[in-house]
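These notes are about the structure you will find just below.
Starting from 1, each residue takes its place in the sequence as its number.
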Amino acid sequence: MPRENQKIRLLTLARLFFEETDEIHGLTLPQIQGKLLDLGVDVERKALYRDIAALQEFGYDVRKYQRSPVEYGLATRRFSRAELLMMVDAVQSSRFLTKTKSEDLVRSIKTLGSKHQAKDLTRRLYVEGRIKMQNESVFNNIDTIQAALSARRKIRFQYFKYNAAKEQKIQHNGDFYVETPVHLVFSDGCYYLVVFNDKHQGFAHYRVDRMINLSVSEERATRNEKIAGFDASEYQTRAFGMYGGSPVGVTLLVEDEAMGPVIDRFGTDVTTHVLPDGRARVHAMILESPTFYGWLAQFGKAVEIEGPRMVRQRYVEYIRGLLDMYE
C-alpha cells in the first residue's frame with residue numbers, strides 16, 4: 001500500500017477508536033475492519049495489528065478487552081466520563097449563558113468523548129429550573145476585558161440595573177465609568193469584574209453581563225501596591241453574594257450545627273477557638289452588607305455576632321427593620 005494511504009489508514013483508525021470506543025465499549029477486529037471499509041479504508045488483519053501497535057507506541061491507550069469475542073478500545077483519554085459530566089453540569093448551571101450558548105457548549109463537550117459517553121451527556125441537556133441570562137454580551141465583554149488586562153489599559157463602559165418595571169436603567173446618569181480592571185471572578189453563576197477606582201482608592205465590582213458599550217481605554221491602567229497585593233479568593237470570601245460593602249473584622253460565636261456552612265464560607269484556614277460552652281469563636285474578615293446579614297439570619301440562634309459592637313447593633317437594626325415591615 002502506498003505510504004500516503006497508510007498514513008490515512010492510521011489516522012482514520014485513531015479517529016475510529018476515539019469516537020466509537022471508551023473504557024467500557026470496544027470493537028472486535030471484524031467490526032473495526034467493517035467500519036474502516038465503510039470509510040473507504042481496506043485493511044488486512046495483520047496490518048490492523050501493526051496499526052494498533054503503532055497507535056499504542058505513539059501514546060494511545062488502546063487496550064485489548066478480554067471478552068468473547070475479544071474487543072479493542074481506547075481505555076483512557078484527556079477527560080474521563082465523570083469529568084465530562086461535571087463540565088456539562090457547570091455549563092448548564094451557569095446563569096450568564098443563554099440557552100442557545102449553553103447547548104452549543106454542551107455539543108462541543110460531547111465531541112471530547114465517545115459516542116456512548118455523548119449519549120449520557122445528551123440525557124443531561126434538559127435541566128429544569130435553571131435561570132438563563134437573555135444576552136450573550138458577556139463573551140464579547142470578557143474578550144475586551146482580557147485585552148485591556150493584557151495591554152495594561154483601563155476600560156470604559158456604561159452599567160445598568162433593572163428597575164421595578166424590569167427595565168434596564170443606566171447608572172451614573174448615563175456617564176461612562178473609566179476603571180482599572182483587576183480580576184475576573186465567577187460567583188453564584190455569574191461573572192464579575194473587580195476594578196480599582198482611582199477616586200475612592202479602593203476596589204469595586206460589576207456584573208459583566210450588565211456592562212454595555214465596553215471598550216479598551218487609551219488611558220494606562222493604575223498600578224499600585226493595593227492592586228499588586230489583590231487576592232481574588234480572599235475578596236470573594238468577604239463579598240457575600242458579590243455585594244459591595246466596607247471591609248470589617250467580625251467575631252462570631254458558632255454552634256456545632258452551623259460550623260459546616262461557616263467553614264464552607266470562610267475556608268478551613270479561618271481562625272477559631274473552642275469555648276467552654278462548646279461553641280466556637282470564629283474571627284473573619286467580611287464586607288459588611290445586607291447580604292452578609294441575610295446569610296447570618298438563616299442560622300437563627302446558631303450563629304451570633306459577638307463583635308464589633310457596631311456590626312452587632314446594625315444587625316439588630318436589620319432584623320428589626322424586617323419585623324417592622326411585616327407588622
Side-chain angles (χ1 to χ4, degrees), residues 96 138 140-159 161 171-173 175-252 262-273 281-293 295-296 305-312 314:
F96 73 91
V138 64
N140 294 329
N141 284 353
I142 288 175
D143 283 342
T144 302
I145 291 166
Q146 294 290 4
L149 288 168
S150 297
R152 296 188 176 182
R153 292 287 191 272
K154 292 184 178 181
I155 55 171
R156 188 172 181 271
F157 62 95
Q158 292 175 301
Y159 193 72
K161 293 183 180 180
Q171 304 296 293
H172 203 44
N173 296 319
D175 293 336
F176 278 78
Y177 294 82
V178 181
E179 310 276 13
T180 293
V182 177
H183 206 286
L184 280 166
V185 174
F186 187 72
S187 177
D188 296 328
C190 296
Y191 269 110
Y192 294 83
L193 175 66
V194 179
V195 303
F196 184 81
N197 182 277
D198 291 336
K199 180 179 179 181
H200 300 289
Q201 286 294 295
F203 297 103
H205 55 259
Y206 300 90
R207 277 266 297 266
V208 173
D209 59 296
R210 294 181 180 174
M211 301 167 71
I212 58 176
N213 299 319
L214 174 66
S215 63
V216 179
S217 172
E218 291 299 321
E219 189 175 346
R220 293 193 64 82
T222 299
R223 293 293 163 198
N224 56 36
E225 292 183 1
K226 286 185 177 181
I227 295 175
F230 178 78
D231 187 328
S233 60
E234 181 182 3
Y235 184 87
Q236 191 170 355
T237 299
R238 294 181 182 182
F240 284 75
M242 292 306 291
Y243 195 101
S246 301
V248 60
V250 295
T251 303
L252 306 175
V262 169
I263 293 298
D264 290 341
R265 178 72 245 186
F266 297 108
T268 54
D269 292 334
V270 67
T271 302
T272 63
H273 296 92
R281 177 177 283 124
V282 177
H283 303 275
M285 286 293 298
I286 57 102
L287 293 183
E288 188 185 1
S289 65
T291 49
F292 166 65
Y293 294 142
W295 174 83
L296 198 63
I305 299 176
E306 184 180 37
R309 182 179 297 274
M310 62 176 183
V311 177
R312 182 181 175 97
R314 281 197 282 264

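At distances below 3.5 Å, at least one donor-acceptor pair connects side-chain atoms of N197 with backbone N or O atoms of K199.
In this structure, D143 has no salt bridge (Lys or Arg N to Asp or Glu O under 4.0 Å) partners at least two apart in sequence or on a different chain. Annotation: salt bridge (Lys or Arg N to Asp or Glu O under 4.0 Å) contacts of R314 (sequence neighbours excluded): E288. Residues satisfying the salt bridge (Lys or Arg N to Asp or Glu O under 4.0 Å) test with R281, not counting sequence neighbours, are E306. Residues that satisfy the ring pair (Phe, Tyr, Trp, His ring centres under 6.0 Å) test with Y159, not counting sequence neighbours, are Y206. Checked against ring pair (Phe, Tyr, Trp, His ring centres under 6.0 Å), H172 has the following partners two or more places apart in sequence or in another chain: Y177. With sequence neighbours excluded, no residue forms a ring pair (Phe, Tyr, Trp, His ring centres under 6.0 Å) with F176.
Using a 4.5 Å heavy-atom threshold, the side chains of V270 and I263 count as touching. Residues R153 and R220 have side chains in contact (heavy-atom distance under 4.5 Å, counting atoms from C-beta outward). Residues R207 and K161 have side chains not in contact (no heavy-atom distance under 4.5 Å, counting atoms from C-beta outward). You'll find the side chain of T180 stays beyond 4.5 Å of the side chain of F203, heavy atoms only. Looking at heavy atoms from C-beta onward, I145 lies in side-chain contact with L214 at the 4.5 angstrom threshold. Residues L252 and F266 are in side-chain contact: their nearest non-hydrogen atoms beyond the backbone lie under 4.5 Å apart.
Here the CZ atom belonging to R156 is positioned 12.5 Å from the CE atom belonging to M211, to the nearest 0.5 angstrom. The distance from the CD1 atom of I305 to the CD1 atom of I286 is 7.5 Å, given to the nearest 0.5 Å. Put simply, CG on N213 and CG on N141 are 9.5 Å apart, with the number rounded to the nearest 0.5 Å. Note: T144 OG1 to F157 CZ = 12.0 Å, rounded to the nearest 0.5 Å. Between atom CG of residue D198 and atom CD of residue E219 there is a gap of 7.0 Å, rounded to the nearest 0.5 Å. To the nearest 0.5 Å, atom CD1 of residue I155 and atom CG of residue L193 are 5.0 Å apart.
Scanning all heavy atoms of the two residues, the minimum distance from V248 to V311 falls at CG2-CG2, 4.2 Å. Contact detail for K154 and A148: the closest heavy-atom pair is O-CB, 4.4 Å. Across every non-hydrogen atom of I227 and N224, the tightest pair is N-OD1, 2.8 Å.
Environment of CZ in R223: crowded, with over 12 heavy atoms of neighbouring residues, nucleotides or ligands closer than 6.0 Å. Other residues, nucleotides and ligands contribute more than 12 heavy atoms inside 6.0 Å of the CD atom of Q201.
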